[in-house]
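The structure displayed is predicted, hence computed values, not measured ones. Each chain gets a letter, A, B and so on, in the order the sequences are listed, and its residues count up from 1.
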Amino acid sequence: MTSFLGTDTIIEITYLIATALFILSLKWMSSPTTARHGVWAGEVGMLLAILGTLLNRGIVDYKWVAIALVLGTIIGVPLGKVQMTAVPQRTALSHAFGALCVTLVGTAEFYLRAPNVPKFMMSVLAMEVILGSLTFTGSLMAAGKLQEILPQRPITFKGQNIVNLGMMAVAVGLAAILVMHPDRIYLFPAILAIPLLFGVMMIIPIGGADMPTVISLLNSYAGLSAAAMGFVLNSKLLIVAGALDGASGLILSVNMSKAMNRSFSNVLFGAFGQEQATAKGGKEERPVRSATPEEAAGILAVASKVVIVPGYGMAVAQAQHKVRELYDNLTKRGIDVKFGIHPVAGRMPGHMNVLLAEADIPYDKLLDMDEINGDFPQTDVALIIGANDVTNPAARTDSASPIFGMPILDVDKARTVMVIKRSMGAGFAGIENPLYYLDKTLMLFGDAKSFVGSIVRELSGGGSHG
Amino acid sequence: MTMKMDLITSLYVFMLAAFIGLEVIRRVSPLLHTPLMSLTNALDAIAVVGAIILAGEHKSTLSTVLGTIAIVAATSNVVGGFLITDRMLKMFKASAKPKP
């Protein structure tokens, strides 16, 4: 034992302070005005904990630690500087790195302790490496799909779910045998390899539209595996950090699946995109009304309240800066302009807000679906840019629709609806949108960026109306 | 016996932290869900402390090699995670107050 203020006590105190700072860090994220304090609290906590750890007397060789810290920093800096549209794949990649760290530490701990591993220790160790390794490959796959290195289309085959669940059952079964007989060291590689394969298989059938849910779920797994590592190393700090991360991922995944009106099992085993594309073959040949930028500008100029509904298509077309110009122009005319944002707009939770904030649109104009929906009946123009399924009134009215029950933005309650769209093609889910055939709807066909640009030019006096 | 007590204490810590996490994170505005995820990711990389001890203790070649790689992975999350979170949060600005 050490004296009252021995090194061990000092280390434990740095961990205690770091734990408190981590909780404060998340608490300060509750509002954009305090959020940056949250980052500082997190950074100070992290620095304290790392410095405290370096005092550990068990450390005999600092060479590799130092090299690894420098190398990690060199890799980390460019990952902190990616473009805002690439944040989802960066996030998936960092889930993979976190899970990799946890899995490697778990593996090393097993081989250091085997064959004398107590039952509870072996259970958490198995949980650590199983969750860690499936999160590692799963997140790499998700990052690959988001970066469009891998096909985004879901790949399905017959009996897929049975194969996947069977694999997981085998991994858990082998882990149980290891818990009872920790001397069967040869079983360990299997509880690494099977979840690694499972991670790949789990993401293969998942389409682009489900990415926000899947990223959140992987976030939760990454947190839980880190908490399990905390149990193995008896580190309360790590348990707390892992539990916070796990809770955060859980809340976000519940939010996302609610916003799509789907259960977790449906996201993971449903292979969304493909089914519907084939389910609704019959195309409607009804007339739509279309308008030119000039006409659209004319209607916007006489409106008093406009709600812009952006979807990921807006970001793909890189139209957010033109949208900002439109926002400025309309606001200067005294028109009330707000943005209505569906929880699954963008490719991860909150992504659309970041893209609009980057274009300098004030955050108090960015309203959540629940906040904005009451406003639509008093709205003169709802302008939809690159969004589709989240505005589909069939989700409210047509019980036969595959998206029936999904909460949507009630744009059809606005006096006029304008939709900027490339063509009449269907959205992610391959579903017809009856909104486009309403009498109050004007279709603005074209590329989002150039169309919004033309509207802005008309409004700024370039048009014949002067 | 002490080890069993450690595990029980750890379970308490986990349970309390999970409740705190659910309560605190429920209050985070949906506006900030993307920076929230990158921040929790950076905090989660506190796993680096386990990796540092593992690599530094030098108990076996395997543990040193795995520990070193683990430090690299976790450190890149710490650095990249905090950097991008701060970059995103810097962009969130309130509307300018109307001039009198």
Side-chain angles (χ1 to χ4, degrees), chain A residues 22 26-27 29-30 32 35-36 39 42-43 46 49 53 56 58-61 64-65 68-69 71-73 75-76 79-80 91 94 97-98 100-102 104-105 108 111-112 120 219 223 226 231 233-234 236 239-241 243-245 247-248 251 349-351 353-354 357-358 362-364 368, chain B residues 6-7 10 13-14 17-18 20-22 24-25 27-28 30-34 36-38 40-41 43-47 49-59 62-63 66-86 88-89 91-95:
Chain A
F22 283 5
L26 292 179
K27 187 176 142 49
M29 283 300 282
S30 59
R36 289 188 74 196
V39 179
E43 286 169 345
M46 186 66 68
T53 306
N56 191 304
I59 300 178
V60 293
D61 183 2
W64 289 109
V65 174
L69 286 173
L71 207 60
T73 308
I75 299 174
L79 281 175
T91 307
S94 67
F97 282 171
L100 176 67
C101 167
V102 166
L104 293 179
V105 172
Y111 285 109
L112 286 177
F120 186 90
N219 182 18
F231 279 98
L233 301 179
N234 192 22
K236 309 286 188 279
I239 294 176
V240 172
L244 293 175
D245 194 29
S248 164
I251 289 184
H351 191 201
N353 297 303
V354 171
E358 189 191 17
Y363 66 76
D364 46 301
D368 201 29
Chain B
D6 277 349
L7 291 173
S10 296
V13 170
F14 178 75
I20 292 175
L22 290 173
V24 170
I25 285 151
R27 290 186 173 79
V28 175
L31 203 59
L32 298 181
H33 276 167
T34 295
L36 169 72
M37 205 187 274
S38 60
T40 54
N41 225 300
L43 299 183
D44 200 40
I46 189 67
V49 301
I52 289 176
I53 295 174
L54 190 67
E57 279 180 337
H58 225 314
K59 281 188 182 158
L62 178 73
S63 69
L66 295 186
T68 305
I69 302 172
I71 299 176
V72 176
T75 310
S76 69
N77 268 1
V78 172
V79 175
F82 283 129
L83 258 179
I84 196 136
T85 309
D86 200 50
M88 285 194 268
L89 292 175
M91 301 183 320
F92 282 89
K93 296 185 196 90
S95 358

Part of [X] lying under 4.5 Å from any heavy atom of chain A:
X: B/N41; answer: both
X: B/V49; answer: both
X: B/L54; answer: side chain

- Would you mind reporting whether B/I71 and A/L69 have side-chain heavy atoms less than 4.5 Å apart? yes
- Does any non-hydrogen side-chain atom of A/L233 lie less than 4.5 Å from one of B/I53? no
Contact leader toward chain A among [options], where contacts are heavy-atom pairs under 4.5 Å:
options: B/I20, B/V78, B/T85, B/T75; answer: B/T75
options: B/L83, B/I46, B/L36; answer: B/I46
options: B/S38, B/A74, B/P30; answer: B/P30
options: B/A17, B/A70, B/G50, B/A45; answer: B/A70
options: B/L31, B/I52, B/L62; answer: B/L31
options: B/S63, B/S76, B/G21; answer: B/S76

Determine the option with the most heavy-atom pairs under 4.5 angstrom with chain B, choosing from [options].
options: A/A241, A/A357, A/A108; value: A/A357
options: A/L79, A/N56, A/V65, A/D368; value: A/V65
options: A/A247, A/G98, A/G72; value: A/G72
options: A/A68, A/A226, A/P32; value: A/A68
options: A/C101, A/G58, A/A49; value: A/C101
options: A/N353, A/T73, A/V60; value: A/N353

Gap separating the [atom1] atom of [X] from the [atom2] atom of [Y], nearest 0.5 angstrom:
X: A/F97; Y: B/I69; atom1: CZ; atom2: CD1; result: 12.0 Å
X: B/T68; Y: A/D61; atom1: OG1; atom2: CG; result: 9.0 Å
X: B/L43; Y: A/M46; atom1: CG; atom2: CE; result: 5.5 Å
X: B/M88; Y: A/H351; atom1: CE; atom2: NE2; result: 8.5 Å
X: B/T40; Y: A/M29; atom1: OG1; atom2: CE; result: 8.5 Å
X: B/K93; Y: A/D364; atom1: NZ; atom2: CG; result: 12.5 Å

Side chain, backbone, both or neither: which part of [X] has a heavy atom under 4.5 Å from chain B?
X: A/F22; answer: both
X: A/L244; answer: both
X: A/I75; answer: both

Closest heavy-atom pair and its distance - [X], [Y]:
X: B/F14; Y: A/F231; result: CB-CZ, 3.7 Å
X: B/S10; Y: A/I239; result: CB-CD1, 3.5 Å
X: B/N77; Y: A/S94; result: ND2-O, 2.8 Å
X: A/I251; Y: B/L22; result: CD1-O, 3.4 Å
X: B/A18; Y: A/A243; result: N-CB, 3.9 Å

- Message: Around atom NZ of A/K236, are there more than 12 heavy atoms from other residues, nucleotides or ligands closer than 6.0 Å?
- Response: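 Check passes, neighbour count above 12.
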- List the steps, then state whether side-chain contact (heavy atoms from CB on, under 4.5 Å) holds for A/L26 with B/V28. CA-CA 8 Å; A/L26 292 179; B/V28 175; 5.9 Å; no
- Note on the structure: Given the options B/I25, B/V24, B/D44, A/S248 meets side chain to side chain contact (heavy atoms under 4.5 Å, CB included) only with B/I25
- Message: Tell me every residue that passes salt bridge (charged side-chain N to carboxylate O under 4.0 Å, His left out) with B/E57, counting only those two or more places apart in sequence or in another chain.
- Response: B/K59
